[in-house]
Structure formats: C-alpha cells, structure tokens
Amino acid sequence: MKVLILGSGVIGVTSAYYLARAGHEVTVVDRQPEPALETSFANAGEVSPGYSSPWAGPGVPVKAVKWLLMKHGPLVVRPKLDPVMWVWLLKMLRNCTSARYGVNKSRMIPIAEYSRDSLRDLRRDIGIQYDERSQGTLQLFRYQAQLDGTGEDIAVLKQYGVPFEVLSREGCIAVEPALSGVKEKFVGGLRLPQDETGDCHMFTQALAKHAQALGVRFMFNTSIDRIVTDGARVSGVATGAGLLQADAYVLALGSWSSRLMAPLGISLPVYPVKGYSITVPIKDTSGAPESTVMDETYKVAITRLGNRIRVGGTAEISGYSDKLYDARRATLDHSLTDLFPRGGDLTKATFWSGLRPMTPDGPPVIGPTHYANLHLNTGHGTLGWTMSCGSGRVLADMLSGKKPDIDVSALTVERYKHRFG
C-alpha cells in the first residue's frame, strides 16, 4: 500500500520504518525541517517499561494540591478559558480510582515491554546507536515515608513480572557511585535493572536515515492543514504542498492530533502537558550519574547521555504554549546540583520545553478509527520514547493485515465511548 504518515517525531518515524520494512510505500509529512524537533527533541532519555503507569491514580488529587504548593513542585497549572482543558482534567480525575488505575496500567505495561524488546531487536538488526545505556533506572527516595510507601508499586511490579531491587542507601551508592558525596540527602531507592536510557532525538534521526534507505520519502517544511474525507474513507490530506493521497493514513502528530480529528467527528482526548529539560555537558565523569536517577520528591529524571547529562521534569498544564519559564529551570537545576553537584557545567546548559501528548487515562491511542483507512498512533504522554518501537511495529502489522505479537485491542480510540474516557 501507499501509506501517508502525519508527523516525524519518534512515533511517526518508527511507524514509517516498520511499514517500509513490511514492504509498503511510505511518505512522512511534517512542518519541521528535520525529524524529532518537537516533543522528541530533548526528553528525559528514559526507556522505562517498569515506570509505565498512568498519571491518574488513587491519591493523585491530594498529592496534586501538595505539589502545587511546593517551591520546586512537579505540577503547574496555568488556567485558561479553554473548555477542552477542563474537560480533559475532569476525565483524568475520573480515572483516579484504584480500579481504573489497575485497568489502565494493565494496558500500558505490555506495549512498553514489547517496545523495549523491539528496540533491542532493532539494535541487533541494524546496529543503530544513540548514546544508549542498559544500566537500569534508580528511583531515589529522600524520605523514609517514600520508601515505606512503595508497597503498592512493588505489588504491581510483581504482578507483571518486572524485575526490581529495593536498595538501602549503600545499595544506591553501589549502582550510582557519584551519590556517595551526598548520601545524607536520601534514604534508599527502588531500582529497575532492565530499564534503558538513550537520546531520543539521536535515535529518531538515525532511524529516519535507515527508513530512507528502505524507500521512505520525507516531506519537511510542509504544513498539515486538514484531513479530507469521502464518506467512510479518507480521500487525502490538505497540506502546504497540495492534496496528498494514499491508500492508508497514519496520524502521529502528538498533542496536535486531537485538533485534526475534531472536524472528522472523532473525539480524541489527547491534551498537551508541557515538560522541561536542561542538557548539561559533563564536567567531572566521576560526579555524573551512570544511568538514570529519578528524584522522587521533585519527579525529576537525571540521565547520563554520552558526555552530557539530561535533566527532565515538570508537568505543566498550560495549553499549547511552549514558553520557557525560569522557575521551571530552577527546579531542574536544584535537583541536579543537590544530587550531582560535581557532575555538570550548568553555565553551558541548554533549556528546552516540549508538549507531551497525554490521554486522561494514561495509555496511548493505537489502531483504526471509524474511517476505514485512517489509523492513530498518538497520545503516548511521557512514554513516547519508551513505547515508540513497539507502537510502530504493532501499527505496521495492523496495516499489513497481520496479527500483532501482543493484544492492543484495548488501545483504540473506541475505549473513549466508555463513560470513564
């Protein structure tokens, strides 16, 4: 088939690669001049199936109030006269029950683990490099109450067979030696040894070149204006380069997906939640992290990417604004200098923000719509990098008429017909 993919972030590019590998003729369209220049550009760098959990969970509403009052809190809400924002927040709150959390997490873990395995297969098959490391993730607890409260998380990890280690202060230092100089700052940690790290932007750009070698055509600097339909099918996409037509269409536009779906009568509750990061050159390798350390108090991830440290965090609900706020950088700076004071040169740091495409329940939206030739691959939230290869591979199987290796029937947009959507 001829397949047109809208979006060249990590989700669009992985979809293009797997579709081309399956023998399809693929074109990718994006308004940017290169792949992975928006949400995929400078994320936290984690490939973390073990942390694939919905943001909506029991206790979150109470925690949210606390976070909003913290100086370096992980949550920021900038209210707008936007009914879409408030409807999305309401839907998220309705998912903050134990029952819904269990259902939603059960939909996220399989695609995340399948994606990690697919990424490993990709490294083996094509030798792709992206400052990758396979040394796990350490969730670091500053307070005993945090460590004591891991029971529910551990029960879920056991339920899904995710390997983990509960570490003492000395155990944390054994896997992250640079923490030895600040051991009074934390009490212990929870480590997921199978998690990985890597530069999502570097990966996406490299995979795009492999996709081009398979015949994928990229159309950059091209606006995507609207989807044109004819009855029960999509007949084309109106773009800055004219009407583009194909046999099948894949929407992988992240936070912008819902705006393109609304005129088609498809209610897709994907809303942007802004994240921030700084990228810092390593000043002292012995003072830098070995892999990823998640500072649980501030919900900040500190990741080693080659000769750089990536520090990512904050959930800011403020619509489609990509404005950078100094207060958000202060939180990232604080977490890094508090835990790894010798590691990076903050005077040479770069500051970035990206719009994570979040669903109110947590899982992404993958699969068909009621238009016979229109498929979705969007709504991955903070886990686009973690779930990218699995999502692209599953989608390619669907369009090829092949049964995917895992069951993703619960990830389609149809689930939002349920009252909790």
Side-chain angles (χ1 to χ4, degrees), residues 6-12 30-32 36-44 54-56 60-61 63-65 67-70 72-96 223-227 251-278 299-300 312-332 351-365 376-385 413 416 421:
L6 309 181
S8 70
V10 68
I11 300 298
D30 199 290
R31 64 183 178 184
Q32 295 289 351
L37 291 186
E38 295 196 23
T39 306
S40 302
F41 183 71
N43 63 24
W55 283 19
V60 166
K63 289 179 182 178
V65 174
W67 290 333
L68 287 169
L69 298 174
M70 287 171 59
H72 293 297
L75 176 64
V76 178
V77 178
R78 302 188 190 278
K80 292 184 174 295
L81 294 174
D82 178 7
V84 176
M85 171 192 282
W86 297 107
V87 168
W88 184 89
L89 283 168
L90 179 61
K91 288 181 177 180
M92 183 179 178
L93 287 172
R94 290 172 70 180
N95 276 279
C96 290
S223 65
I224 299 168
D225 302 324
R226 62 188 178 90
I227 295 174
L251 183 68
L253 285 175
S255 296
W256 303 93
S257 301
S258 56
R259 290 189 167 185
L260 220 57
M261 289 293 93
L264 305 185
I266 296 175
S267 178
L268 177 64
V270 172
Y271 195 77
V273 176
K274 184 162 59 173
Y276 293 84
S277 76
I278 54 173
K299 302 291 186 182
V300 169
T314 300
E316 181 180 300
I317 302 172
S318 58
Y320 287 80
S321 167
D322 60 359
K323 182 178 178 180
L324 294 168
Y325 290 94
D326 289 340
R328 304 282 66 77
R329 171 165 178 173
T331 298
L332 304 178
F351 188 30
W352 171 88
S353 72
L355 301 178
R356 310 179 185 107
M358 300 288 295
T359 60
D361 50 342
V365 184
L376 303 177
N377 197 0
T378 187
H380 295 77
T382 59
L383 297 164
W385 180 204
V413 73
Y416 294 114

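Below, all heavy atoms of this structure are taken into account, side chains as well, without hydrogens, waters or symmetry copies. What you see is a predicted model, and the numbers here were worked out from it, not measured in a lab.
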Review point. Are the side chains of Tyr416 and Val365 in touch, meaning some heavy atoms are under 4.5 Å apart?
Key: yes

Study note, to complete from the structure: The reported gap from CD1 in Ile266 to OG in Ser258 (rounded to nearest 0.5 angstrom) is 11.5 Å

Check your understanding: When the ring planes of Tyr320 and Trp256 are compared, do they come out parallel, tilted or perpendicular, using 30° and 60° as the limits?
Key -> tilted

Check your understanding: With a 4.5 Å limit on heavy-atom distance, are the side chains of Asp30 and Leu37 in contact?
Key -> no

Check your understanding: Judged by atom type as modelled, is there a donor-acceptor pair below 3.5 Å linking the side chain of Lys274 to the main-chain atoms of Lys323?
Key -> yes

**Study point:** 4.5 Å side-chain heavy-atom contact, Leu376 and Met261
**Key:** yes

Exercise for review: Taking Ser277 for its side chain and Asn43 for its backbone only, find out whether a donor-acceptor pair lies under 3.5 Å.
Suggested key: no

Study note, to complete from the structure: All heavy atoms of His72 vs all of Ala330, minimum pair found to be CE1-O, 3.7 Å

Review point. Salt bridge or not for Glu38 and Arg31, using N-O below 4.0 Å?
Key: yes

Point to revise | From NZ (Lys299) to NZ (Lys63), nearest 0.5 Å | key: 6.0 Å

Check your understanding: Rounded to the nearest 0.5 Å, what separation is found between the CZ atom of Arg356 and the CD atom of Glu316?
Key -> 10.0 Å

Practice item. Over all heavy atoms of both residues, which pair between Leu75 and Ala64 is shortest? Give the atoms and the distance, please. Key: CD2-CB, 3.7 Å

Point to revise | N/O donor-acceptor pair under 3.5 Å between Ser353 side chain and Asp322 backbone | key: yes

Exercise for review: Check for a donor-acceptor pair, side chain of Thr314 on one end and backbone N or O of Arg328 on the other, with a separation under 3.5 Å.
Suggested key: no

Study note, to complete from the structure: Here the gap from Trp86 atom CH2 to Leu81 atom CG, rounded to the nearest 0.5 Å, amounts to 9.0 Å

Check your understanding: Is any side-chain heavy atom of Leu253 less than 4.5 Å from a side-chain heavy atom of Thr378?
Key -> no

Practice item. Quick one: pull up CG in Leu6 and OG in Ser257 and give me the separation to the nearest 0.5 Å. Key: 8.5 Å

**Study point:** Closest approach of Gly312 to Ala44 (non-hydrogen atoms, all atoms of both residues)
**Key:** CA-CB, 4.4 Å

Exercise for review: Using a 4.5 Å cut-off on heavy atoms from C-beta on, say whether the side chain of Leu93 contacts that of Pro61.
Suggested key: yes

Exercise for review: For residues Val270 and Gly254, report the shortest heavy-atom separation together with the two atoms involved.
Suggested key: CG1-O, 3.8 Å

Point to revise | Closest non-hydrogen atom pair, Pro54 against Asp361 | key: CB-O, 3.4 Å

**Study point:** Crowding at CZ, Arg78 (>12 non-hydrogen neighbours, <6.0 Å)
**Key:** yes

Exercise for review: Nearest 0.5 Å please: distance from the CZ atom of Arg259 over to the OH atom of Tyr271.
Suggested key: 8.0 Å

Exercise for review: Step by step, work out the side-chain contact (heavy atoms from CB on, under 4.5 Å) result for Arg329 and Leu324.
Suggested key: CA-CA 8 Å; Arg329 171 165 178 173; Leu324 294 168; over 6 Å; no

Practice item. For the residue pair Ile317 and Trp88, establish whether any side-chain heavy-atom pair is separated by less than 4.5 Å. Key: yes

Review point. So, for Pro360 and Ala56, which heavy atoms are closest and what is the spacing to 0.1 Å?
Key: O-CB, 3.7 Å

